[in-house]
Amino acid sequence: MRTEAVDYRIFFYLLWYITYILYPSWALPISTLGRFLVFSGLTIYFLISGFLLTRFLSAASKGLWIKTPLPKPTKQTWNDIRLIVICAIALGLHIYPLKFPVMILGDEPAHLLGGLGIYMFIDKGWQNIFGYPVQSISWIVGVTLLIMVIHPKGGRIFKDLLRRSSVTTASPFFIFITIPLLVAYFFLLRDLPYHQLLVRYPPVSKILYLLSYLLGGITPAGPRIIQTAFYITGAIYLYRIIILFRDRDVALLGASIYLFSPLVFYFASLAELACGVVFFIIIISFYFLRSLKNNSLRDIIITSLLLSTGFLYKRDIMLMIFICIAYLLYRKPEEARTYLPMLVLSIVPVVPWLIIGGFFSLRNYEFTPSHLASLDILSSYFLMIPLQSSWVIFIIFTASIFYFLFGKKDDLRLFLLLVFVSYYILYVADATVRIHRFSMAFYPTISVFIAIFIKDAALTIRWRHSFKFIFLVLLSYLITISTIHNVPPMEKTFVTYKDINSRYFPVDKAMEWVRDNVREGEKILILRVASSIFYRDKYGIDKDKIIDFWYDLSKFSTPEKLRLFCKENNISYIMFSYGEAYPVDKRAKIIEYLKENPEKDFTEITTYNMDDNYIHIYRINDLS
C-alpha cells in the first residue's frame, strides 16, 4: 500500500538538498578541504535524516495522499468573491510603489543582493555557452512546470512523477548514482567566492529572489512582487483560519484589517522579508489549527514542512516550532504521541543552519533578560502600535484583549494570542529593540481580535445592518490612512502614497552615469548609498571601479582622512547621498563637509534628485 510518507517525503528531500547543497550554504570562508568536509557532512546528515524520515512517516500515516490538483470552483468559492475583490484592490494599490528605486537605507538593499551573485554567475556562464540571456530558458521551464501543475493531465503526470521520485529516492541504486553527481557539483563550485550575504540570512528568500532575476532580469520589481504575493496570500490564509472557527463576515473583516493596516500595507511593496515572515506565521497557524480541529495527519505533516521552510526563509519562524509543540501539549496531550514526532521533523534542517549561522552570520539574536525587567522596554512594541496604525486601531485592539480575557475562550484567539506574546517576548528581549518591521508578526493577532470584537459588539446592536456599516467605515478609514492621509501620532512613512517621492533617492540614474562616464582605470568612492552594489550588477559596471561605504563612515571622520584615502586608492570621483529621508548622523559628519566643499577640493559634475533627496557626484581635484 502506498503511504503519505512516499508522497511528502520528496518535498522534505527537495527542501533539504536545494537549500543546503544546491544552494551553496557550504561555501564558507574556509579552505577547499574544509568546504568539502562541510559539504560531505551535510550530505551524510540529510541521507541519515531521509532514512529516518521514511521509516517514521511510513509507519505513521498510511492510506493518505497529497492533494496536488487545484480545487474546482464551487458555490462556496463564489461566496468568497468579496475577499477576491478586496485582495484585488490591495494588489492594485501596490503596483505604483513597485517602480521606485531601491531604498538606500534599511535592509531592502541587502535582501536584494540575496541570490544576485549566484544569478550573475549563472547568467555569465549561460551567455558564454549559448550566447543569449538565461531568461529565455527560464520562462520555457517555468511555463512548462506551471502547465504541468494546473492542467488536469499535467497534474496527473506531476503526481505520478512525485510518486515515482519519492520511491526512487529510497533506492540504494539512486544514492549510488547521486553521490558522484554531488561530488562533481562540489568540484564545479568549490572556488565560489565567499560573501557574507550567503549566510547573512537562510537560503529560501535568496532562492526566491534568484528565481525572480532568472525570470525578469535584475530589477527590484521582481523581489518586491514576491513580497506582495506573500502579503496577499497571507490575507487569504488568515481568512481561511478565521473560517475554521467563525463565519465569513468575521473572516472578511479580519483579512481586510490585515491587508490595510498601514504598517503591513507599507512593507508589502518593499523587498524586505517582513511580509514573508508573517505569511509563514499565518499559513503554519492555519494548517496546525486545522490539524487539531480535524485530527488530520496530513495537515500536521504539512505544518512540519512549512515550519522547516519558514525557518529557512528567516530564523524568526523557529519560534513557531516551540509555539506549536507547546499548544499541542496543552490542547491535545492525548494526540502528542502521534503528532509530536511529526513536528520535531521540522528541526532537521534547523540544526545545520544554527551551526553555520552561529559561526559565520553577522547577526544572531541575543536574548537579554534585563529587557523584560524594564517597563519602558517591555512596553515599547505595544506602544508602537499607535505609531503604526493610529489610536483608533490601538484602542479597539486593547478593548478586544479585555473582551477576550473576561469572555469565552476559543482555539483561534488563544493560539494567536500565544503567537503574539511569544514573538513579543522574542523581539523585546533581543539586543535590537524598537524595529517597526518586527511588529508585523503581531498583526494577524491584532486583525483577528479586532474582527471578532467588532462582530460580537455589532450583534448587541438591534440594527441588522450595524456590522456592515461598521465594516465599511473601518475599511474606508484603514484604506485612507494607509495610502494618503496621515493621522497623528502615526509615522508619515507608513502612509504609503503621501509624499512618496520624498523617501527615495535617484540611485538608478546616478549609477547609469557611473556606467557611462567612469572610464577604465578610474575609481569612484560611493558614500551612504547601500543600493550601489545592486545597480552595479544591474548595469554591468566593473566592480574594480567602485569602492563603497554604506553606513559607518568613520574611516573618513575628517577631511584629512578623506583626502588621504582618495589619494592612496587613486579615487577620481565621489558619489554621496544627501537629503531629508536620510539625515546626516554622527557617523557621517563628513557628508556635511562634502556638501559644503569649503576648500574646493571637488568639482561638482552632476546632481540627481527626487524631491529633497539628492545624489551628488564630484570629481576630485588634484590632492597632491
Side-chain angles (χ1 to χ4, degrees), residues 83 86-87 90 93-94 227-242 250-270 272-286 310 314 316-317 319-320 323 380-401 404 412-413 415-428 434-454 474-475 477-479 481-483 487 490-491 493-496:
L83 175 67
I86 289 175
C87 286
L93 288 172
H94 282 91
Q227 292 302 316
T228 306
F230 276 139
Y231 158 75
I232 296 294
T233 312
I236 293 170
Y237 270 93
L238 187 63
Y239 179 86
R240 295 184 68 187
I241 289 175
I242 300 171
V250 177
L252 186 66
L253 178 57
S256 301
I257 293 170
Y258 172 76
L259 283 170
F260 294 105
S261 292
L263 179 72
V264 179
F265 189 90
Y266 169 75
F267 277 105
S269 54
L270 293 178
E272 303 261 8
L273 301 185
C275 283
V277 171
V278 184
F279 164 77
F280 278 106
I281 290 173
I282 292 171
I283 195 170
I284 288 167
S285 300
F286 169 73
K314 199 166 187 290
D316 306 42
I317 302 301
L319 185 58
M320 289 298 294
I323 292 171
S380 59
Y381 275 101
F382 194 74
L383 295 179
M384 283 164 62
I385 296 175
L387 307 180
Q388 301 160 351
S389 297
S390 81
W391 280 114
V392 171
I393 299 301
F394 177 75
I395 292 170
I396 299 175
F397 175 57
T398 303
S400 72
I401 293 175
F404 169 74
L412 175 61
R413 286 181 293 174
F415 180 78
L416 289 179
L417 185 62
L418 177 61
V419 172
F420 183 99
V421 172
S422 299
Y423 275 96
Y424 195 95
I425 292 172
L426 173 68
Y427 294 138
V428 166
R434 295 181 65 84
I435 305 296
H436 278 292
R437 69 176 179 275
F438 289 176
S439 296
M440 290 271 288
F442 309 145
Y443 275 81
T445 305
I446 291 172
S447 302
V448 170
F449 269 60
I450 290 176
I452 293 175
F453 176 74
I454 288 177
L474 184 60
L475 180 61
Y477 173 75
L478 285 172
I479 292 176
I481 67 172
S482 65
T483 55
V487 180
M490 264 184 59
E491 293 193 6
T493 301
F494 303 132
V495 187
T496 298

### Task
Determine, stepwise, if the pair Ile481 / Val495 fulfils side chain to side chain contact (heavy atoms under 4.5 Å, CB included).
CA-CA 6 Å; Ile481 67 172; Val495 187; 5.8 Å; no
#### Entry: Validation row, ring centre Phe394 to ring centre Phe382 under 6.0 Å
yes
#### Entry: From CA spacing to verdict: ring-ring contact (aromatic ring centres under 6.0 Å, His included), Phe397, Phe420
CA-CA 13 Å; Phe397 175 57; Phe420 183 99; 5.7 Å; yes
### Message
As a quick check of understanding, evaluate side chain to side chain contact (heavy atoms under 4.5 Å, CB included) for Val250 and Phe453, giving each step before the final call.
### Response
CA-CA 9 Å; Val250 177; Phe453 176 74; over 6 Å; no
### Message
Testing the basics here: between Tyr381 and Ile435, what is the closest heavy-atom pair and its distance to 0.1 Å?
### Response
OH-N, 3.1 Å
### Message
For Pro262 versus Leu478, what's the shortest heavy-atom pair and its separation?
### Response
CD-CD2, 4.4 Å
#### Entry: Non-hydrogen side-chain atoms of Phe260 and Ile86 separated by less than 4.5 Å
yes
### Task
Drop me the distance from Trp391's CH2 to Thr398's OG1, to the nearest 0.5 angstrom.
8.5 Å
### Task
Give a yes-or-no answer on whether the side chains of Tyr423 and Thr445 include a donor-acceptor pair shorter than 3.5 Å.
no
### Check: Thr496 and Thr483 side chains under 4.5 Å, non-hydrogen atoms
no
### Query
Does the ring center of His436 lie less than 6.0 Å from the ring center of Phe494?
yes
### Check: Val487 and Val392 side chains under 4.5 Å, non-hydrogen atoms
no
#### Entry: Nearest heavy atoms of Ala441 and Ile281, plus distance in Å
CB-CD1, 3.8 Å
### CE-CD1 distance between Met440 and Ile446, expressed to the nearest 0.5 angstrom
11.0 Å
### Task
Could you verify whether a donor N or O on one side chain and an acceptor N or O on the other, from Asp316 and Tyr427, lie under 3.5 Å apart?
yes
### Query
Is any side-chain heavy atom of Val419 closer than 4.5 Å to a side-chain heavy atom of Met320?
yes
### Query
Less than 4.5 Å apart, any side-chain heavy atom of Phe265 and any of Leu93?
yes
#### Entry: Shortest non-hydrogen contact between Leu238 and Gly254, atoms and distance
CD2-O, 3.8 Å
### Query
What about the rings of Tyr443 and Phe267, do their centers lie closer together than 6.0 Å?
no
### Query
Atom CG of Leu474 and atom CD1 of Ile454: how far apart are they, to the nearest 0.5 Å?
5.0 Å
### Task
Would you name the heavy atoms of Leu475 and Ser256 that are closest together and state the gap between them?
CD1-CB, 3.9 Å
Under 3.5 Å, side-chain donor or acceptor atoms of residues 227-237 against the rest of the protein: list the pairs with distances, not counting sequence neighbours.
| residue | atom | partner | partner atom | Å |
| --- | --- | --- | --- | --- |
| Gln227 | OE1 | Gly276 | N | 3.1 |
| Gln227 | NE2 | Tyr209 | OH | 3.0 |
| Gln227 | NE2 | Glu272 | O | 3.3 |
| Gln227 | NE2 | Tyr313 | OH | 3.0 |
| Thr228 | OG1 | Arg224 | O | 3.0 |
| Thr228 | OG1 | Ala268 | O | 2.7 |
| Tyr231 | OH | Leu259 | O | 2.4 |
| Thr233 | OG1 | Ala229 | O | 2.7 |

### Task
Answer yes or no: is there a side-chain heavy-atom contact under 4.5 Å between Gln388 and Ser261?
no
### Task
Could you tell me which non-hydrogen atom of Ile257 sits nearest to which non-hydrogen atom of Ala451, and how far apart they are?
CD1-N, 4.1 Å
### Query
Side chains of Ile241 and Val448: does their closest heavy-atom pair fall under 4.5 Å?
no
### Task
Test Leu263 against Ser439 for side chain to side chain contact (heavy atoms under 4.5 Å, CB included), laying out the working first.
CA-CA 8 Å; Leu263 179 72; Ser439 296; 3.9 Å; yes
